[in-house]
2 protein chains.
Amino acid sequence: MSRPPNPPATPGAPPLPMADPPPPRERADAARNRARVLAAAAKLFADRDPAGVTMDDIAKAAGIGRGTLYRRYPDRASIARALLDEHERALQEKLMRGPAPLGPGGQGGPGDDVTPAQRLAAFYAAMVELLETHVHLVLGAETGSARYETGAYAFWRLHVRHLTAEAGAPDPDALADQLLAPLAPELFRSQRERGIGIDRISASLEVLAYGVLGGPTGP
Amino acid sequence: MSRPPNPPATPGAPPLPMADPPPPRERADAARNRARVLAAAAKLFADRDPAGVTMDDIAKAAGIGRGTLYRRYPDRASIARALLDEHERALQEKLMRGPAPLGPGGQGGPGDDVTPAQRLAAFYAAMVELLETHVHLVLGAETGSARYETGAYAFWRLHVRHLTAEAGAPDPDALADQLLAPLAPELFRSQRERGIGIDRISASLEVLAYGVLGGPTGP
DNA sequence: GCACAAGTGGACTCCGTGTCCACTTGCTGC
DNA sequence: GCAGCAAGTGGACACGGAGTCCACTTGTGC
């Protein structure tokens, strides 16, 4: 297979379409090591308790030195984020431009009369699915309060804030956070470990969505 | 002042009314040191970032050795819990036996026709007040997932589960956790630091309560 | 193939945790 | 009082993870 022409030099760089002034290339050995790191980290996060994985574990598993690991990833969270990024971006894309009820619709398509409550419920369902697949990574990326500082969280908040405002709820700024809280990865894991399936979690979140933003059983 | 006849030897002991077979007493110096530890820890938790307070900090601030500190409190969380206990117990008491709408009423008093939604809203308001006063301690006691393992959380869950079941909501087990999630201390702190006042937080939680469990603006 | 910058890796320091044990001190029975 | 002893004390110690630094290696452009 051919090498992609311009692999991004920094993992967290914003996805500008083109034209970075100096595209400094990435050396072949560096690229190889990055791939090793991500593969090793993914396995470690999945196998053990994500919070217990150390930088040394990852370096050893990837077969590189600690210094090399620190060169690109300043901490465990940044590695987890790198692994998570593409999945989150895909969901964000669907939210912004995808078909209803997850996306806005509005092209004269089938979802033009979708309510904010329906969109929130769809968002909940999508997030639950994402969590089910990648809780390890989310837990590896965010410990406690750090969650609320991440760019991803800011995006989810903006989205939910928009939906609540559209539904006419008072104080969307305060409500958005509170509607996002049930998606906290620690809570999700706790519920799953107590034997609550994702179908029940999603259904329950649907009750929440329709109750607060209005719908079949709401105002 | 006179010394209380039988100070509890272990901080986390259940509050049985009387009759522990061997009440081993507590030596005067031990009691003095315990008081010092709690006072010093309370100050440290309030002053700095609670997660950044170390056992050594507390020992030094209390003027005792590390070994002495570890003798009674195996980790920072247990100290925070000891400081938090009485406040949480007071609230639990009100929830179980206090007047409506926080407590159940039912004595032919003024709160006999109180709805589950009203009681949930009252619970939210009380918890917000408790958080406002003691976020430091709650954050010192629970880091991330640990929250869901504590006895206090189990109590809150039981209470909310009961209210949701009473309101006829489907799957109270799943819903109870999700209704408690907005009270996560990290979220509370994040909201407060973004300039959202406790009145707005409480009002927003009230919307949540009435939306999900029914009420003026609910089903 | 040469020069140089990018990349590598392991040794090192710093800090917090938790344990251990020789010493001290308060309590109790006489 | 005071002797004996268990409870209590405190600091030294080992351990492990985070993050830094720098001498060496390797890939790449010319």
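Note that these values count all heavy atoms, side chains included, but never hydrogens, waters or copies made by symmetry. Each chain gets a letter, A, B and so on, in the order its sequence line appears, and its residues count up from 1.
For the pair A:D75 (side chain) and A:S78 (backbone), a donor-acceptor distance under 3.5 Å is present. Between the side chain of A:T150 and the backbone N or O of A:R147, at least one donor-acceptor pair lies under 3.5 Å. A donor-acceptor pair is defined here as one N or O able to donate and one able to accept, closer than 3.5 Å; no such pair exists between the side chain of A:R48 and the backbone of A:K43.
If you check the side chains of A:D57 and A:T54, you find a donor sitting under 3.5 Å from an acceptor.
For B:A28, the listed nucleotide lying nearest its side chain is C:dC27; candidates were C:dT19, C:dA6, C:dC27. Closest to the A:A30 side chain, of the nucleotides C:dT8, C:dT17, D:dG19, is C:dT8.
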Counting primed atoms plus P, OP1 and OP2 as sugar-phosphate and everything else as base, spell out the protein contacts along nucleotides 1-6 of chain D at 4.0 Å heavy-atom distance: B, S or - for each nucleotide, 5' to 3'. -----B

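When heavy atoms are screened at a 4.0 angstrom cut-off, B:T54 is found touching the sugar-phosphate backbone but no base atom. Using a 4.0 Å heavy-atom cutoff across all strands shown, B:I64 reaches sugar-phosphate atoms only and no base atom.
Distance B:I79 CD1 to C:dT17 C1': 13 Å, rounded to the nearest Å. Straight-line distance from the CD1 atom of A:I58 to the C1' atom of D:dA18: 13 Å, rounded to whole Å. In this structure, CZ of B:R71 is placed 14 Å from P of C:dC21, rounded to the nearest angstrom. Put simply, CZ on A:R72 is 11 Å from P on C:dG9, counting in whole angstrom units. Atom CG of B:D56 and atom P of D:dC13 are 16 Å apart (whole Å). Per the geometry, NZ belonging to B:K60 stands 11 Å off C1' belonging to C:dG16, to the nearest Å. In this structure, the CE atom of A:M55 is 11 Å from the C1' atom of D:dG17, given to the nearest Å. The separation between B:R34 atom CZ and D:dG8 atom P is 9 Å, rounded to whole Å.
Counting heavy atoms from C-beta outward, A:L183 and A:F123 have side chains that approach closer than 4.5 Å. The side-chain heavy atoms of B:P104 and B:R119, taken from C-beta on, include a pair separated by under 4.5 Å.
Residues satisfying the ring-ring contact (aromatic ring centres under 6.0 Å, His included) test with B:H162, not counting sequence neighbours, are none.
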Protein-nucleotides 11-14 of chain C N/O pairs closer than 3.5 Å?
none

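Position along DNA chain C of the nearest nucleotide to B:R76 versus B:T68 favours B:R76 as the more 5'-ward residue.
With respect to the salt-bridge test (charged N to carboxylate O, under 4.0 angstrom), the residues B:R194 and A:D177 qualify.
Screening A:I201, A:L131, A:L187 against A:R192 for a side chain to side chain contact (heavy atoms under 4.5 Å, CB included) leaves a single residue, A:I201.
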